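All figures in this text were calculated on a predicted structure; none of them were measured in a lab.
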Amino acid sequence: MTTGSHHKFNIATNLLDRNLTAEAPNQKWAEESSYLWTREGWPYRTVILDPHSRCVIGRAGNNRMKRDLAIQALKMALVFRAPLKGCIHQTDHGS
């Protein structure tokens, strides 16, 4: 588990509620962070998907799980897609 939900920070409302369908690009973005054991340690990765195209539109990786990982992935998605007002960006609770 990468998400620590027992904290005092505000948690945003889950607007997507697992509804990963979209009529057009840039209506919804879903972000996921995960890790996998390798011989070189625990590489962490964050990806942002656009459910309409089912394509990765932002990604970042590092050997440590820090908030910068989510921010780097978001910056890539913003440059790649430049969404209009109203795009929902759903992240892990820890992001």
Side-chain angles (χ1 to χ4, degrees):
M1 173 176 8
T2 59
T3 301
S5 298
H6 304 292
H7 52 71
K8 296 178 183 179
F9 300 111
N10 292 332
I11 297 175
T13 304
N14 184 346
L15 298 176
L16 295 184
D17 195 27
R18 299 184 186 260
N19 178 4
L20 296 178
T21 60
E23 300 291 322
N26 299 324
Q27 290 180 333
K28 301 174 183 178
W29 290 356
E31 180 177 310
E32 178 65 27
S33 296
S34 63
Y35 56 94
L36 177 68
W37 172 251
T38 69
R39 291 181 184 179
E40 296 180 11
W42 292 95
Y44 296 89
R45 66 172 173 80
T46 296
V47 297
I48 300 176
L49 300 170
D50 183 330
H52 175 53
S53 63
R54 304 270 185 213
C55 290
V56 173
I57 59 171
R59 60 181 166 77
N62 202 327
N63 62 347
R64 295 180 65 198
M65 177 63 84
K66 297 172 70 174
R67 70 178 175 189
D68 292 352
L69 206 60
I71 293 169
Q72 288 173 359
L74 178 58
K75 284 181 179 180
M76 178 186 271
L78 289 170
V79 168
F80 187 61
R81 286 292 184 94
L84 299 175
K85 184 177 179 179
C87 177
I88 298 171
H89 176 213
Q90 185 75 44
T91 68
D92 290 350
H93 281 208
S95 300

Self-check item: Polar side-chain atom of Asp50 near backbone of Cys55 as donor-acceptor pair, under 3.5 Å
Solution: no
Practice problem: Write down the atom of Gln27, the atom of Glu23, and the distance for their closest heavy-atom approach. | Solution: OE1-N, 2.9 Å
Exercise. Kindly compute the distance separating CE (Met76) from CZ (Arg81), expressed to the nearest 0.5 Å.
Key: 13.0 Å
Quiz item: When clusters are formed by joining ILVMFWY residues with side-chain heavy atoms under 4.5 Å apart, either directly or through shared neighbours, do Leu69 and Leu74 land in the same one?
Solution: no
Practice problem: Anything under 30° is parallel, anything over 60° is perpendicular, the rest tilted; go ahead and classify Tyr35 against Tyr44. | Solution: tilted
Quiz item: Mind checking whether Ile48 and Leu78 sit in one hydrophobic cluster, side chains of I, L, V, M, F, W, Y counted as touching below 4.5 Å?
Solution: yes
Practice problem: Considering non-hydrogen atoms only, spot the tightest contact between Glu31 and His89 and give its length. | Solution: OE1-NE2, 2.9 Å
Quiz item: Any idea which heavy atoms bring Thr46 and Ala70 closest together, and the distance?
Solution: CG2-CA, 4.1 Å
Quiz item: With hydrophobic residues grouped by side-chain heavy-atom distances under 4.5 Å, do Val56 and Trp29 end up in a single group?
Solution: no
Self-check item: Close side-chain approach of Lys75 to Ile71, heavy-atom, < 4.5 Å
Solution: yes
Self-check item: Considering all heavy atoms, the nearest Ala60-Ala73 contact
Solution: CB-N, 3.9 Å
Quiz item: Are the side chain of Lys28 and the backbone of Leu20 linked by a donor-acceptor contact shorter than 3.5 Å?
Solution: no
